[in-house]
**Q** 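Before I ask anything, here is the structure I am working with.
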Protein chains: 2
Amino acid sequence: MAIQTKTQTKSPTQLGKIKTSIRQQIQSGMMSGGQKLPSERELSTLFETTRITIKDALVALETEGLIYREERRGWYVSPQRICYNPLSRSHFHQMIRDQHRIAETRLLNTRTEMAAGEYAAALNIRQLTPIHIIERLRYIDGRAVLFVENCLMTNLFPGILEENLTLSLTGLFAEKYGYQTQRSRFDVIPTAAPGHVAKALNLAEGQSVLKICRVNYKQDGTLMDCEFEYWRPDAVMIRIDSSAE
Amino acid sequence: MAIQTKTQTKSPTQLGKIKTSIRQQIQSGMMSGGQKLPSERELSTLFETTRITIKDALVALETEGLIYREERRGWYVSPQRICYNPLSRSHFHQMIRDQHRIAETRLLNTRTEMAAGEYAAALNIRQLTPIHIIERLRYIDGRAVLFVENCLMTNLFPGILEENLTLSLTGLFAEKYGYQTQRSRFDVIPTAAPGHVAKALNLAEGQSVLKICRVNYKQDGTLMDCEFEYWRPDAVMIRIDSSAE
DNA sequence: TAGTGGTCTAGACCACTCG
DNA sequence: GAGTGGTCTAGACCACTAT
């Protein structure tokens with residue numbers, strides 16, 4: 001059965017008609033994941049309306065998670081969401097492979113600075129402490145969907161910036177330093193992409209992302225590192241399955 | 001230290017100036033949670049621009065979670081987010097009280113029908129099975145922030161529709177039927193509000209919500225009920241703290 | 001009835017991407 | 001250089017809310 005918005009008592013708006021029309025094209029399978037939509041100008045000719053109205057319709061479908069945009073490149077049909085369990089110890093590449101998709105990670109940059117602001121708060125640091133910050137971008141089937149910032153206390157991770165940082169950091173922590181994640185806490189927050197994140201993900205400034213802040217503790221219970229993930233919101237769903245403790 | 005968008009190399013756009021100006025008014029404490037912003041027309045006079053530009057700025061701040069709107073009523077400053085752990089067995093009213101806020105629940109309607117579509121999929125039902133559907137609206141400090149739909153198999157919950165349904169259903173399950181939640185699985189999905197949800201939450205159709213689908217199993221491991229929660233996205237953050245299993 | 005946001009028209013220029 | 005979305009102007013009418 002096709003999902004459909006509730007039958008309207010009022011005649012549907014122009015906006016509603018455009019949304020329904022494009023939605024049906026996608027859900028009927030005529031367009032599939034990654035395919036490019038006609039340009040806003042073409043659509044405004046097709047639907048005999050202005051670009052503003054077309055854009056309002058596209059933004060609504062984007063909010064649904066049905067389509068997404070690459071800044072100044074165009075609108076595309078969203079592939080299926082990745083199912084992500086932040087509690088699982090499975091690595092990113094493994095998780096994506098398990099879902100028959102192709103993962104890739106690129107290192108954007110690393111830097112070392114004194115913890116401040118959001119970083120200091122997440123790491124629960126009260127005095128000036130040097131931290132390493134590692135910025136990476138993750139791709140699924142060639143599309144940039146996840147920007148990740150890792151913050152590591154320098155004293156716990158000597159020489160880590162010389163390692164291959166496109167692989168799993170959790171794996172590196174275990175192999176090089178013998179650290180296991182014993183406990184982790186994470187927050188999920190729907191918000192807007194900060195400037196540098198928007199740029200990396202090809203989002204326009206102010207577009208929506210799903211932010212996940214995570215703090216990891218190692219086997220002796222002390223705080224190990226924290227991580228800020230910014231997901232394209234149409235690319236992911238979070239799934240947690242837990243027995244009662 | 002105040003959080004601030006990265007210093008722009010290009011001169012900021014009109015849009016950026018308006019966002020920064022309103023953001024500062026809010027973060028400086030001049031406006032606080034629940035307070036109404038001037039109307040879009042007043043703002044367009046103040047900033048000497050059109051309503052479209054003003055609206056773009058307001059929508060961006062809404063995405064950040066800084067402000068929200070009540071359809072055709074106006075724009076308001078968002079109160080602090082509620083911190084919500086879906087794994088916790090704490091009841092809604094208890095959770096809100098613990099965060100020094102005021103909770104309220106109203107029953108919208110109940111109905112009994114054959115499971116189909118999303119309900120049947122969530123309950124993993126393969127044949128026609130009658131279910132009770134309970135729709136409720138939850139308020140925090142007087143603001144409608146959460147629309148909840150519960151789906152119960154009729155055979156497990158005889159007579160439940162005659163009970164007081166504004167309290168905790170989990171509590172009712174335990175007291176009246178002796179059912180304990182042993183395991184639960186939930187999904188978190190950023191998406192758009194369906195029509196009936198948008199209406200209940202005073203959202204415009206197509207606005208963003210955080211959808212949480214939950215399935216509960218009782219002590220003998222069999223499926224008990226499922227629940228669809230739709231949160232105003234600025235009202236909540238999800239926090240999960242878990243030891244390694 | 002006055003005021004609000006929701007929808008819509010008919011354009012325009014700009015920054016950026018891509019071939 | 002052609003094409004894209006991002007931003008912006010200057011209006012308009014409508015559905016709905018609040019009083």
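Order of the sequence lines fixes the chain letters, A, B, ..., with proteins taken first and strands second; residue numbering starts at 1 for each chain. It should be emphasised that the depicted structure is a prediction, and the values quoted were computed from it without experimental measurement.
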**Q** Could you point out which residue of E71(A), E70(A), R232(A) forms a side-chain contact (heavy atoms from CB on, under 4.5 Å) with L203(A)?
**A** R232(A)
**Q** For L203(A) and dC16(C), give me the distance from atom CG to atom P, rounded to whole Å.
**A** 16 Å
**Q** What residues, two or more places apart in sequence or in another chain, satisfy salt bridge (charged side-chain N to carboxylate O under 4.0 Å, His left out) together with R41(A)?
**A** none
**Q** In whole angstrom, what separates I54(A)'s CD1 from dT4(D)'s C1'?
**A** 15 Å
**Q** Measure from CD on E205(A) to P on dC14(C) and round the result to the nearest Å.
**A** 21 Å
**Q** What integer distance in Å separates I18(B):CD1 from dT9(D):C1'?
**A** 13 Å
**Q** Both N202(A) and T53(A) contact DNA chain C. Taking the nearest nucleotide for each, which residue is further toward the 5' end?
**A** T53(A)
**Q** Less than 4.5 Å apart, any side-chain heavy atom of I189(A) and any of I238(B)?
**A** no
**Q** Over 60° means perpendicular and under 30° means parallel, so tell me whether H196(B) and F147(B) are parallel, tilted or perpendicular.
**A** perpendicular
**Q** Whole Å only: how far is the CD atom of Q14(B) from the P atom of dA15(C)?
**A** 15 Å
**Q** Can a cation-pi geometry be assigned to R214(B) and F228(B), taking NZ or CZ under 6.0 Å from the six-membered ring centre and within 45° of the ring axis?
**A** no
**Q** Assess whether a salt bridge exists between R136(B) and E149(B), defined as any Lys/Arg side-chain N lying under 4.0 Å from an Asp/Glu carboxylate O.
**A** no
**Q** Polar atoms only, N or O, under 3.5 Å: list the protein pairs with nucleotides 3-6 of chain C and their distances.
**A**
residue : atom : partner : partner atom : Å
dG5(C)  : OP2  : E40(B)  : N            : 2.9
dG5(C)  : N7   : R41(B)  : NH1          : 2.8
dG5(C)  : O6   : R41(B)  : NH2          : 2.9
dG5(C)  : N2   : R72(B)  : NH1          : 2.5
dG6(C)  : OP1  : R69(B)  : NH1          : 3.3
dG6(C)  : OP2  : K55(B)  : NZ           : 2.6
dG6(C)  : OP2  : R69(B)  : NH1          : 3.2
dG6(C)  : O4'  : R72(B)  : NH1          : 3.4
dG6(C)  : N7   : R51(B)  : NH2          : 2.9
dG6(C)  : O6   : R51(B)  : NH1          : 3.0

**Q** What integer distance in Å separates I52(B):CD1 from dC8(C):C1'?
**A** 8 Å
